[in-house]
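Structure first, commentary second.
Throughout, protein chains are lettered first and strands after them, A, B, ... in sequence-line order, and every chain is numbered starting at 1.
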Amino acid sequence: MEKIERILQKVQKPARYVGGEYNQTIKDKDKVKIRAALCFPDTYEIGMSNLGMRILYGIFNNIEDVWCERVFAPWPDMESQLRESNISLYGLESHDALSEFDIIAFSIGYELSYTNVLNMLDLAGIPVRSADRDESHPIVIAGGACCYNPEPLTDFIDLFVIGEGEEAAVELIDLFRSNKASQSKTEKQSKPNSQNKQIKREKQEFLKKASELAGIYVPSQNDVSTRVIQKRTVKDLDNAYFPTKTIVPSMSIVHDRAVLELFRGCIRGCKFCAAGHTGSPRRIRSPNVLIRQAMESIESSGYDEIALLSLSTSDYPYLDELCDGLLKWCEPKKINLSLPSLRADSFNVNLMRRVQSTRKSGLTFAPEAGTQRLRDYINKKITEDELLGACASAFAGGWNTIKLYFMLGLPSETNEDVTAIAELSHKVLDVWRDNTNNKKRGVRITVSTSCFIPKPHTPFEREPQISMNEYLKRVELLRKSIKSKQISYNWHSPEQGFVEAALSRADKKLGKVIETAWHMGARFDSWSEYFSLKTWLGAFSKCGIDPDEYATRKRTDSEELPWSFIVTRGACDE
Amino acid sequence: MSDVRNLSKVRVRYFKTGKAKYISHLDLQATMQRAFLRSGFTLKYSEGFNPHPHISVALPLPVGVESDCELMDIIIEKSNLNDKASGFGIDNFLPEGLTIQKAYQPMRKFSAIKWVEILCSAVCGNFGIINAEKIKETLNGRFGRKSLIIEKKSKSGIRSFDISGHIREISVQISKLGADANFAGLDMQNEKDGMDFVLTVRAKISAQEPTVNCNDIISIINLNEDKDCQDMPLFENFQFKRIEIYDKDMVLFT
């Protein structure tokens, strides 16, 4: 702690690195049998906003002989202080070095955090490659959305949990415990000089047995040419663990509010959407359970805002009933409800007015494409009338800020589809003129585009991404087509999207590229201030691999895909 | 602790030590607000477009500085205090390092605060007892000057500032490591590093109009253009703590 304190004087936002928040779990390390480090390869503010982290933290710590701590990626200023002072990356609760833990578990939600995974292992003095680790090192496991294509990480990760992790987490702990017990038994029976060999077996034995569990992929054990891995799915959300008594950070984080998870999965089937296709089937949590969880979360946290979380809030079948129940309890306590992820085709202005009685923040709709033809093709079946209707009622209801999200580079997109985005946003502006009660206040319409990234397990998994140049050409076409000054246009740079596209559909060979990029200094690639395309292109060329082979190449129907051994259709699908 | 149930404006005196010293002034308000809400207190919210609870902290405490004497005013609604909030037992609802000392009805405004007593402490290399005495003398000499100009960085650039009238009752101590119990963290320093002396400066500094801060004290300690002591080591890794606050007549402010 003293050594850590000294470097904390020299870094930004030291509260990220000390722990001590309300509701953190502290156990006696001499009394617990298994120590787990739950690692999130991004900053504290982002990791603490992640519901999956909070669920797993709660599940692990509910097991009596397990103490689970949190670890986040240190910002580069902290990284250099740690390295300079020779301090290992540590758990926030105990401040013990990561190498003292039994299990290191990464939650990996986006590809551009891969280099942070390697960096965190390295900061803990743990070899990044599984092959370079021995029985003295912790077992390194990974789960999260990225693990639906685990291949690029197989060099570094001992064991993957595919799909929803809450049940597998408990099974793995049980296996770890019993394996440890049976190994130490054989150890006692054997001769003292063979002790090393016995210890050596413990980790290998665990991985071997774990590879037989459902939804577990152990690259060193599972022969995926002969076996498929079915993802794990929690069937009954009402009885699944939900963290209502959870850590309240003492610094502001990205999602600084209580959350409710309305449902998992999605009924829509938009062809580009990885979350929708990997999260099936849709499973609903009952409104009465949600209302109870809301009350418990607010009471135990002291938050004054609660957000409804799902892939598409307006698809929750009991939304009115839920909001009525929540508002009855929230309004007198001045607790705000926030409803993200609304679809324009089921936008309910009365509901919005009720939940946002105090603050009228902007509204965001995601039509994704400009023409009906393309929207139909990608299966985002919202019509222009529905979108304009939603905008009309929003403007009439007093909103004057609307954001519209689109993707450029969707399969089959033509110039006409691109310019139609401009036409659509002009129509939204006309709708504002016809419906607003206050023209003097003006309107802010923001159009945003990003470059389409084909994702594994979606109907577009074999489609090419458009080149960065082509994307910029379409951006320019759209920019010129937007004539009104009341419409502003933001576009994401295609560079991060290009690397993400390559990593998303990577095979085993890209592990080398990730490691090389990390060696060349890549960190926090999801942060535009740290992302460097030059570094990544350098890493690809050093490894003799063409990134376009992965990002912009069309896969034929006969080509075997690296993730084809992972089955993401829900176990209880129709 | 007096029963505060029937009060509306409440002053809270609390410790902010250990891990809590890293909570920034801005984040502290939200942290306290949440602690009150989960303890069952209903805070009074401001009227207007974006209602927020009335919480006001006396003197912003820089990140990394500990304090034994923080003050904060809150307004709680008299009507609906629930049973959980009997007395003022919200300590169990606070993060590590924040501890309530007492709560009471305030008599004076925060603007009457003038002086704050602080402790600055740094571990330094072993330079022998004789040298230590000389360092102490030198520092006492510096702080005793009629005019003590330092450079202060502000938004408009660097400006000179005569700090002498704004520091009182300064005392310099150099002691063997372990003898000073004010900072638990310092006791544990490794002797192999050759760090076995602790420099402690205790002073009352002007809290507002003008504000003297802990770094101003360090800049005097490490005034390197000075010729008064040639062997003066550079003191680094200071730890700071607020001890007490006073009004303009040096009477304890409550």
Side-chain angles (χ1 to χ4, degrees), chain A residues 1-26 44-45 78 81 85 92-93 95 244-253 256-258 295-305 331-336 356-361, chain B residues 16-24 26-46 48-53 62-66 77 80 82 84 90 92-98 122-123 183-190 193 195 236-240:
Chain A
M1 181 69 194
E2 305 74 45
K3 266 170 105 184
I4 294 168
E5 281 222 14
R6 212 181 304 168
I7 63 172
L8 287 179
Q9 295 187 3
K10 298 170 188 165
V11 301
Q12 298 281 309
K13 302 190 182 179
R16 286 167 168 171
Y17 310 113
V18 290
E21 310 93 321
Y22 179 71
N23 264 343
Q24 73 167 359
T25 301
I26 297 290
Y44 177 90
E45 294 93 313
M78 181 65 170
Q81 290 296 332
S85 307
L92 284 189
E93 281 76 0
H95 291 199
T244 52
K245 189 172 159 52
T246 177
I247 295 171
V248 184
S250 306
M251 66 181 289
S252 70
I253 58 170
D256 216 355
R257 55 189 77 96
M295 293 178 354
E296 284 173 20
S297 301
I298 291 289
E299 275 171 1
S300 78
S301 67
Y303 277 121
D304 60 2
E305 186 176 356
E331 270 169 341
K333 291 184 179 293
K334 298 192 174 56
I335 290 155
N336 282 311
Q356 299 201 328
S357 52
T358 51
R359 264 171 291 178
K360 224 164 242 175
S361 54
Chain B
K16 187 169 181 278
T17 54
K19 290 175 179 175
K21 75 179 175 188
Y22 297 109
I23 303 175
S24 75
L26 218 65
D27 291 330
L28 181 75
Q29 305 228 0
T31 300
M32 283 294 188
Q33 175 189 334
R34 286 165 191 163
F36 280 113
L37 290 178
R38 58 190 175 239
S39 75
F41 276 94
T42 310
L43 297 171
K44 191 171 173 352
Y45 277 67
S46 64
F49 193 62
N50 192 0
H52 54 275
V63 171
V65 177
E66 292 188 302
E77 279 193 19
N80 55 359
N82 79 17
K84 239 199 276 181
I90 78 155
N92 290 338
F93 297 97
L94 286 167
E96 199 178 318
L98 290 175
V123 178
F183 295 101
L186 290 178
D187 301 346
M188 312 295 289
Q189 295 284 356
N190 199 330
D193 296 339
M195 293 191 169
E236 288 174 307
N237 299 315
F238 272 89
Q239 297 202 28
F240 303 103

So how far is it from B/K19 NZ to A/H95 NE2, rounded to the nearest 0.5 Å? 4.0 Å
Residue part contacting chain B, namely of A/D256, when any heavy atom lies under 4.5 Å: both
Which atoms of A/S252 approach chain B - backbone, side chain, both or neither, heavy atom under 4.5 Å: both
Check whether A/K10 gets within reach of chain B through its side chain, its backbone, both or neither, counting any heavy atom under 4.5 Å. side chain
Is it the case that B/R34 places NZ or CZ above or below the six-membered ring of A/Y22, under 6.0 angstrom from the centre and within 45 degrees of the axis? no
Got a second to check how far B/D27's CG is from A/K13's NZ, nearest 0.5 Å? 8.5 Å
Residue part contacting chain B, namely of A/E21, when any heavy atom lies under 4.5 Å: backbone
Nearest heavy-atom contact between B/Y22 and A/A15 is O-CB, 3.5 Å
Where does A/S250 contact chain B at under 4.5 Å (heavy atoms): side chain, backbone, both or neither? both
Counting heavy-atom pairs under 4.5 angstrom with chain B, the leader among A/S300, A/G20, A/G19 is A/G20
Quick check: are there more than 12 heavy atoms from other residues, nucleotides or ligands sitting under 6.0 Å from CG of B/L26? no
In terms of heavy-atom pairs under 4.5 Å, which option from B/P95, B/G64, B/A35 contacts chain A the most? B/P95
For B/K21 versus A/E5, what's the shortest heavy-atom pair and its separation? NZ-OE1, 2.8 Å
Contact summary for A/E299 and B/R38, nearest pair of heavy atoms: O-CB, 3.2 Å
